[in-house]
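In the text below, chain A, chain B and the rest are named by the order of the sequence lines, each starting its count at 1.
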Amino acid sequence: MISRIFPRLMQERSATATIWLLSFAVPLLTVGLAIGLTLRSLPILRDNSLIDLLTRTTWRPMAGEFGFLPFIVGTIAVTLVAMVISAPICLLAALHLAEYAGSQTRTLLRPLVDLLAGIPAVVYGLFGILVVVPAVGRYIAPFAESHLYFVPWLSPQQHATGYSILAGGMVLALMVSPFIISVAEDALQAIPVGVREASLSLGATSWETSKYVSLRAALPGLVGAVVLGFSRTLGETMAVLMVVGNVAQIPESIFDSAYPLTALIANNYGEMMSIPLFDSALMLASLLLLVVVAFFNFAAQMLVLAVRKRAGE
Amino acid sequence: MPHVAVRDLSVTYEGKIGFKSTTVEIPDACITAVIGPSGCGKSTFLRCLNRLIDNTPGARVQGEVLIDGTNIYDPGTDLSALRKKLGLLSQRPQVLPMSIYDNVAYGPRIHGTRRRAELDDIVRKQLEVAGLWEEVHDRLHQPARQLSLGQQQRLCLARGLAVEPEVLLCDEPTASLDPVSSGHVEERLIELKSEYTIVLVTHMLRQAHRLADYVLFMYMGELVEEGPADELFSNPRDERTRDYVAGTIS
Ligand SMILES: Nc1ncnc2c1ncn2[C@@H]1O[C@H](COP(=O)(O)OP(=O)(O)O)[C@@H](O)[C@H]1O
Ligand SMILES: [Mg+2]
C-alpha cells in the first residue's frame, strides 16, 4: 500500500514545487531586470540628481548635459495621441463586430483584424513614411494651420514636415487596433444574449441597447482593452522611431517632432560609447521606461478594479 | 378580435423545422399556457410574437402574426412600438446592468418619460404590483444584480409592466427559481390576468394545471391541440395530448 502511494506522493510534491518555483521565476526576472538597470544607471545618478535629470530639457551628451524631459514628454504625447485616435474607433469597431455585423461579415473581418496584429512593426513604419508622414505634412498640417491655429497643441509651426507626434500616434493607433478590437469584442461577446434581448423587448432600439446596456455591462472589459493598448503603445519602438522625427525638444503641438524614450535607446545604444556617462544615461532611460510602463499597468489594474466595483460585480 | 392572432405561421432554422404552420387565436384577459416537451418549438413560437426571433441568425419566419389586427411582419413595422405592447419574462431573470430603480425606469425613459416624479411613481407602482416594493424600497439605487434570483425575476416583471404592455409573454418564467420564488411569480401572474393577455410557456404540467385558462399543446414542432384548460386536461382529443397529459410521453 505504502509503496504504491509513495511515488505518487513524491510526484505530487515535486510538481507543486516546480510550479511554485516557475511562478516566481517570471516576476523575479522583472525584478532582476530592474535591479540590473538601476546598478548600471548609478554612475549618472552619482553626478546628477534624479530630479534634475527628469526635469531638465537640454540633451547634449557631449557637454555632459542629460535632460530627459523631452523624451518623457515625447513618449507620453505619442501614446496619448495614439489612444485618442484608436480608442473610439476600435471600440465602435468591436461593437460592430459583436452586435451588428452579420455572421458572414464577421468571418470576413476577423481574420483581417488578426492579420493586422501579425504585421511586423517595421512594415508599419514604412507605411508611416510612405503614407502617413506625407499626409500629415501635405494635408493635415496645412489644414490645421488655417483652421485650428487658435487651438493649443493643434496648431503647427511653419513648415511642418510631417515627421511628427501626430504621424507617430496615427501609426501606433493602427498597430494597436487589432489588440484593442479583439479584447473589446471578447468583452462584448461575454454579455448574455438575454440581457440585450430584455432591452430590445422593452422597445429599445439596437443602438439604445448597445449604448445603455452592452457598453455598460462590458465597461470593465472595454477599459481593460484600452489600457492594454495603452501599455503596448508605450513600449513600441520601431514604427514610431521611423516617423516621429527624433528631435529632442519639448513639443509645442502634435505637428512637432518628438523623441520617445524607446527611440532614444534604439537609436543610440551601441554608438558613441566613448562619451562619458552616455551608456549610463541610456540605462537610466530604459529604467524610466520600465517604471513608466509598470506604473501605467498598475494604474490600469486599479482602474479596471474600480470600474468593476462600480458596475456592481 | 383578440390582441394576438397567428395565421399560417411557421419557422425554420436554416432548413430545420422550428415549428410547422400554425393558426391560432390567443384569448384575451386570461392565461394561455403553451405546453409540450422540450424542443417542440414553444420558445420559437413565443419569440415570433414580438419579433425577437429577428435577432436569431438563420431563423426564417413565414406567415402572419396579427397584433391588434395588424400583421407585425409587414415591412415598415415599428418594432419599438410593437415591443412596447408585449412584455417579456424570460427563462432566466435578465436584469440590466444598472440599479433596481433604473431597471424599472429603463422602458419608460426609452419611450420618453423624463420627469423624475413621474418615474418615481411608475417605479413604485410596478414594484408594488410585482410584489417587490416591501423588499427593496430602501435600496432602490443598489445594483439589481445583488437581488436573489427570485427577486430578480419579479424585478423583470415590474420592468416589463412599466411600459404598459397589453400582452405578457412568459417563457418558463419559473424554471430557474426555487419553489417559494416560483410561487411568488405564479401569484403575480394570476393577479395580472384580468388586465393582460398572458402567454405562458411551460414544460411543467402542474404549473399549467394551476395557472392555465386556455392551453396550446405542441409536439415535435406542431400545434396538436388547443382548448380551454379543463376540457383539454380532462378530455384530450388527440392521442398524443392524452399521452403527454397522462405523463407517458415527455
Ligand atoms: N437558434 C437556433 N438555431 C437553430 N435551431 C434552433 C435554435 N433555437 C431553437 N432551435 C431548434 O428549434 C426547435 C424548437 O426549439 P425551441 O423553440 O427552443 O423549443 P422549446 O422552447 O419548446 O424547448 C428545436 O429543435 C431546436 O433545436
Ligand atoms: Mg424553450
Practice problem: Assess whether side-chain contact (heavy atoms from CB on, under 4.5 Å) is satisfied between A:Met83 and A:Val226, documenting all intermediate values. | Solution: CA-CA 8 Å; A:Met83 292 324 289; A:Val226 171; 3.7 Å; yes
Quiz prompt | Sorted by number, residues from residues 127-142 of chain B in contact with chain A (heavy atoms, under 4.5 Å) | solution = none
Quiz item: Does some side-chain heavy atom of B:Asp68 sit less than 4.5 Å from a side-chain heavy atom of B:Glu166?
Solution: yes
Quiz item: So does B:Arg92 have more than 12 non-hydrogen atoms from other groups sitting under 6.0 Å from CZ?
Solution: no
Exercise. For chain B, find its close neighbours in residues 91-109 of chain A: heavy-atom separation under 4.5 Å, sorted by number, or none.
Key: none
Self-check item: side-chain contact (heavy atoms from CB on, under 4.5 Å) between A:Phe127 and A:Leu174, intermediate numbers included
Solution: CA-CA 11 Å; A:Phe127 172 76; A:Leu174 187 62; 3.8 Å; yes
Quiz prompt | Distance (rounded to the nearest 0.5 Å) between B:Tyr106 OH and B:Ile110 CD1 | solution = 4.0 Å
Quiz item: So does A:Lys211 pair up with A:Glu208, basic N to acidic O under 4.0 Å?
Solution: no
Exercise. Determine, stepwise, if the pair A:Leu222 / A:Leu188 fulfils side-chain contact (heavy atoms from CB on, under 4.5 Å).
Key: CA-CA 8 Å; A:Leu222 298 179; A:Leu188 288 165; 4.3 Å; yes
Quiz item: Does CZ in A:Arg232 sit with more than 12 non-hydrogen atoms of other residues, nucleotides or ligands closer than 6.0 Å?
Solution: no
Quiz prompt | Shortest non-hydrogen contact between B:Asp74 and B:Thr77, atoms and distance | solution = O-OG1, 2.6 Å
Quiz item: Is the number of heavy atoms from other residues, nucleotides or ligands under 6.0 Å of A:Glu12 CD greater than 12?
Solution: no
Quiz prompt | Residues from residues 43-60 of chain B approaching chain A under 4.5 Å (heavy atoms) | solution = B:Arg47, B:Asn50, B:Leu52, B:Asn55
Self-check item: Close contacts, residues 153-163 of chain B versus chain A, judged by heavy atoms under 4.5 Å
Solution: B:Arg159, B:Gly160, B:Val163
Quiz prompt | Electrostatic pair B:Asp120:B:Arg116 at N-O distance under 4.0 angstrom | solution = yes
Quiz item: Where does B:Leu82 contact chain A at under 4.5 Å (heavy atoms): side chain, backbone, both or neither?
Solution: neither
Quiz item: Looking at A:Ser206, A:Ser199, A:Pro192, which makes the most heavy-atom pairs under 4.5 Å with chain B?
Solution: A:Ser199
Quiz item: Got a donor-acceptor contact below 3.5 angstrom from the B:Thr197 side chain to the B:Asp28 backbone?
Solution: no
Self-check item: Minimum heavy-atom distance between A:Ala82 and A:Leu172, given as atom pair plus value
Solution: CB-CB, 3.7 Å
Quiz item: Going by atom types only, do B:Asp171 and B:Ser90 share a side-chain donor-acceptor pair under 3.5 Å?
Solution: no
